[in-house]
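For clarity, every value in this text was computed on a predicted model and none was experimentally measured. Heavy atoms only: backbone and side chains are in, while hydrogens, waters and symmetry mates are out. Residue numbers start from 1 in every chain, and the chains themselves are labelled A, B, ... in the order their sequence lines are given, proteins ahead of strands.
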Amino acid sequence: MASTTETKQKKMLILKSADNDEFEIEESVGVQSETIKNLVEDGFTFVPLPNVYTKALIKIIDYLKKHANKTDSNDEEIKTFDKDFVNTTFDDLFELVSAANYLHISCLMNMLCQTIADRIKDKSPEAVRKIFHINCDYTPEEEAKIRKANAQAFEGQFDESLD
Amino acid sequence: MFRNGGSNNFRVHSFHKRFDRHSSKYFQRPELGAAEEMEGKSDIDVTADDRISKLPEPILQHILSFLHAKDAARMSILSRVWVSAWNSLSYLNFGDKFVSESKDIPKLLNAVDQALANRKKSKISIQKFSLKLPHHRWLSYVDSWITTLIACNTKELNLTVDRPIYQVIRKYNSLPHAIFAVKELQVLSLGGFKIDLPAGDGMIKLSSLRELHLSDVSLDEQFIQALCSSCCNLEDLSLRSIVRLTSFQVGETLPKLKKVNLEFCPYRFQLVDIAAINLEDLKIHSLYRNIEVVKITACKALKSLHLNGVDVTKNWLEKLFYSLQNLETLHLANCNNLRTTKITSDSLKWLTISCYNNLIVADFDTPNLLKFQCSCDPLSTFKLKASVLLEVTLHLYAEHGVFDWHSKLVKFLANFNYAKAIELMCDGYKEIVIPKDLRENFLPPLYGTNILQVNLEKQSSYSVVHIIDSMLWISPRPDTLSFTLPPGLKSLKFIYKDASDEDGKPCCASLPWKCWRHTLKQVKLQNFTHLEEEKLIKYFFANADNLEMVETSVLQIVHS
């Protein structure tokens, strides 16, 4: 597989997803990921990614391609792309955030975490529980203790809505 | 399921209609597909999995790092996973979302105290600590926090304390000197302090410092000197509303310095001398001083320069471009004494000028210019050499009582005839509607332009037809005309007959080739109201000889 990189002028890489799909991308696109960059620096052109599934990888390659072509004039275009990119279900966001974390793509990581954080911001714990289906695993005594230890955090009015 | 380019926040309905010249029938095909394909965003489902709590703790903490500490702490009540993530969170943002009532402040101080003490006890390094204290009364807490922050190897510290008022005068808070000895500190932002060098050796030992942002601070030249001699890793220096400082000298001791901001410094500067060889980005704002004291021509790597409220002169600019061969971006604003200017540069790609009424003569020999933005009166003497890919944005403000304003505008616009795209920003409609009698005396100024956009800030009594009629005179054979009028963008796309069909008869607009009136085949209208559509359809069929079809579509974006 590694030999295919010689066929084009631009240096190419092959990424292999956890479900064994292979994707060919330009090296300059791939090295925005620290993980891939380190492998490339060690001479690899075939990069197995056992923690990244195909559907997340397709989206991430899209993202990397878009951001590799950043110029002075396509700022707005990239902003729109990013906005669409994070406009997806939580399941997708969690899948992507795990992949971005494994691949060490810090700008993508920040964007995804910011998107998730925005859904927690100003909310009451009850609302956050419902939004993310979080079950409480405390005994009533433990819960009271935590509430007391962080008393200031529970003062005031919070957003109870689920959007 | 992953989708590309889908939008869940919006519901998009798109309706198309076609109007034929010979029949009043039209097809209507609502395209709801896009909306129906979309999945509901995280509909509440009790059986669903708690996936967020299964994320590895570092990712969960990365998410919490974007929250105010109060929000992050509150989430500790969710479950054991979350309390653990909070207790070892290394980002503490007690930022500006602050209790306004002073009776609540002691509770907050207590919360900060506790959060820091817990981290010190558990030996957790602090990546980032941010705090804005609304009153100096609690400054004594800050001293002890800084001691803890040093113990926790803090990398980034943002600290603002409101300035005390004594007898109507706002004083500055004194800054704990311990802060100058935090070797691990990489980013430091301070507001509301008087900064003096530590007694004794007077040294700053911030050897890892990459970014320093000081705002609303009192300091002098000695501090800048100390900074230059010890912070050799400094990349970004920003000074805003600084008092006492009267000269700013940065030499070659800061080889990594890439970005400098100098804004709103009210003292009379004797000298601004920057000779940082790798500086790429410089912004000087509101320095109403003789420009001759500003010496920056040694910054050979400079790519982007913003000057706002600085008395730039023609000579100073000429010398600047002679010395700085890498300058790609120049923004000039409120440079009130600049009456004539000449810029010669092969590197310049983006030029913004907003000097309102003072600039009269401009000559730009900039063959690689891609973006030109200007807000000033139409210049009577103007020369521009730019790239064929040039995009132009002009802000137009018609003055009352200037009777030949429109003829000046038409002459000025002609300079941009071959630009790739032109955007005109206007206060109202009167700027963009060129009087009929004038149209007979001039050649359409933008006959070579394909894309014309007009952005209007206000509603007006002019009808859409008036505006489009004028836009089509200004640019008589465009591919796209569009205008924004809050809340949205309305656009028209044009398809013309093949050029080979042209019959060689002269065009009505005395152009070398035929204008839209003779060649227009098809028009697509987007986002107009029904009334506007009706008027425009009538207008186009009445004025375009060969028009075959008008197609309309409305894209309603409804926030769900």
What part of B/Ser76 lies closer than 4.5 angstrom to a heavy atom of chain A: side chain, backbone, both or neither?
both

Check whether B/Ala111 gets within reach of chain A through its side chain, its backbone, both or neither, counting any heavy atom under 4.5 Å.
side chain

Note: vs chain B, highest number of non-hydrogen pairs under 4.5 angstrom among A/Asn110, A/Thr115, A/Asp118 is A/Asn110

If you compare all heavy atoms of B/Ser491 against all heavy atoms of B/Ser482, which two are closest, and at what distance to 0.1 Å?
CB-CB, 3.7 Å

Which bit of A/Glu126 is near chain B, if near means a heavy-atom gap under 4.5 Å: side chain, backbone, both or neither?
neither

Taking the six-membered ring for Trp, are A/Phe85 and A/Tyr63 parallel (under 30°), tilted (30 to 60°) or perpendicular (over 60°)?
tilted

Where on A/Asp137 is there a heavy atom nearer than 4.5 Å to chain B: the side chain, the backbone, both, or neither?
both

Should the heavy atoms of other residues, nucleotides or ligands under 6.0 Å from CZ of A/Phe158 be counted, would the total exceed 12?
yes

Within 45° cone of B/Trp86 ring axis and under 6.0 Å: B/Arg119 NZ or CZ:
yes

cation_pi(A/Arg147, A/Phe154) dist<6.0 Å, angle<=45
yes

Of B/Glu391, B/Gln114, B/Met75, the largest count of non-hydrogen pairs under 4.5 angstrom with chain A goes to B/Met75

Taking A/Glu76 first and then A/Lys79, would you say they form a salt bridge - that is, a charged N and a carboxylate O separated by under 4.0 Å?
yes

Scored by heavy-atom pairs under 4.5 Å with chain A, the best of B/Asn110, B/Ile77, B/Leu64 is B/Ile77

Which atoms of A/Ala100 come close to chain B, meaning under 4.5 Å heavy atom to heavy atom: side chain ones, backbone ones, both, or neither?
neither

